[in-house]
Amino acid sequence: QVQLEESGGGLVQAGGSLRLSCAVSGRTASSDTVGWFRQAPGKEREFVAAITGSGGSTDYADSVKGRFTISGDNAKSTVYLQMNSLKPEDTAVYYCVACVSVSFCRRALFDSWGQGTQVTVSS
């Protein structure tokens, strides 16, 4: 199965930027898509973005579209989430997930997931 490890979280002021990384290892044949979810205390898990292994297809939640960019570096087996113009409402634990497809990621149908990285945005 796919193993995922997130990094890059931290504390940032509103309007600032962070770049999250997801290191991917293990078998990926049936989990070609990697995505990001986030969850704040007391709130439901929320889809953020997803990308196919080829990078040919991406998907974003409306709340982050235009501010966040998901990308992949196959040579490094790493998926990134560039987060710009951060808002306090972006504060959450961000999780990297592996899915069969973008649609599966959006539906929270995960094959694997990471341990999460905390993102805190101060106002």
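Because the structure is a prediction, the values reported are computed rather than measured. FYI, the numbering just counts along the sequence from 1. For the numbers below, each heavy atom of this structure counts, side chains included, while hydrogens, waters and symmetry mates do not.
- Residues F110 and Y95 are not in side-chain contact: their nearest non-hydrogen atoms beyond the backbone lie 4.5 Å or more apart.
- A pairwise comparison of heavy atoms in G72 and I51 identifies N-CD1, 3.9 Å as the closest pair.
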Inset, instruction - Could you go through the side chain to side chain donor-acceptor pair (under 3.5 Å) check for S17 and N84 one step at a time? - result: CA-CA 4 Å; S17 299; N84 299 325; 2.9 Å; yes
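- Transitive grouping of hydrophobic side chains (ILVMFWY, heavy atoms separated by less than 4.5 Å) brings Y60 and L86 into a common cluster.
- There is a side-chain donor-acceptor pair under 3.5 Å between R38 and Y94.
- In this structure, the separation between SG on C22 and CG on L4 is 4.5 Å, given to the nearest 0.5 Å.
- Following chains of ILVMFWY side-chain contacts shorter than 4.5 Å, one cannot reach V97 starting from V79, and the two form parts of different hydrophobic clusters.
- Across R45 and A108, no two heavy atoms sit closer than the pair NH2-CB, 3.9 Å.
- Hydrophobic clustering (side-chain heavy atoms under 4.5 Å, transitive across Ile, Leu, Val, Met, Phe, Trp, Tyr) groups W36 together with L18.
- C105 approaches G35 most closely through the heavy-atom pair SG-N, 4.0 Å.
- At distances below 3.5 Å, not a single donor-acceptor pair connects side-chain atoms of E6 with backbone N or O atoms of L20.
- Ion pairing of K87 with D90 is absent here, as no side-chain N (NZ or NE/NH1/NH2) approaches a carboxylate O to less than 4.0 Å.
- Proximity of a side-chain donor or acceptor of R67 to a complementary backbone N or O of S85 within less than 3.5 Å is detected.
- R106 places a side-chain heavy atom less than 4.5 Å from the side chain of D59.
- The shortest side-chain heavy-atom distance between Q118 and T120 falls under the 4.5 Å cut-off.
- Counting only heavy atoms from C-beta outward, the side chains of D111 and F104 never approach each other to under 4.5 Å.
- Using a 4.5 Å cut-off on side-chain heavy atoms (C-beta onward), F68 and L81 make contact.
- Within the 4.5 Å cutoff, the side chain of V100 has no heavy atoms near those of the T33 side chain.
- Hydrophobic clustering (side-chain heavy atoms under 4.5 Å, transitive across Ile, Leu, Val, Met, Phe, Trp, Tyr) keeps V119 apart from W113.
- Pairing each heavy atom of V48 with each of V64, the nearest pair is O-CG2, 3.5 Å.
- Side-chain atoms of V34 and V24, non-hydrogen and from C-beta on, do get closer than 4.5 Å to each other.
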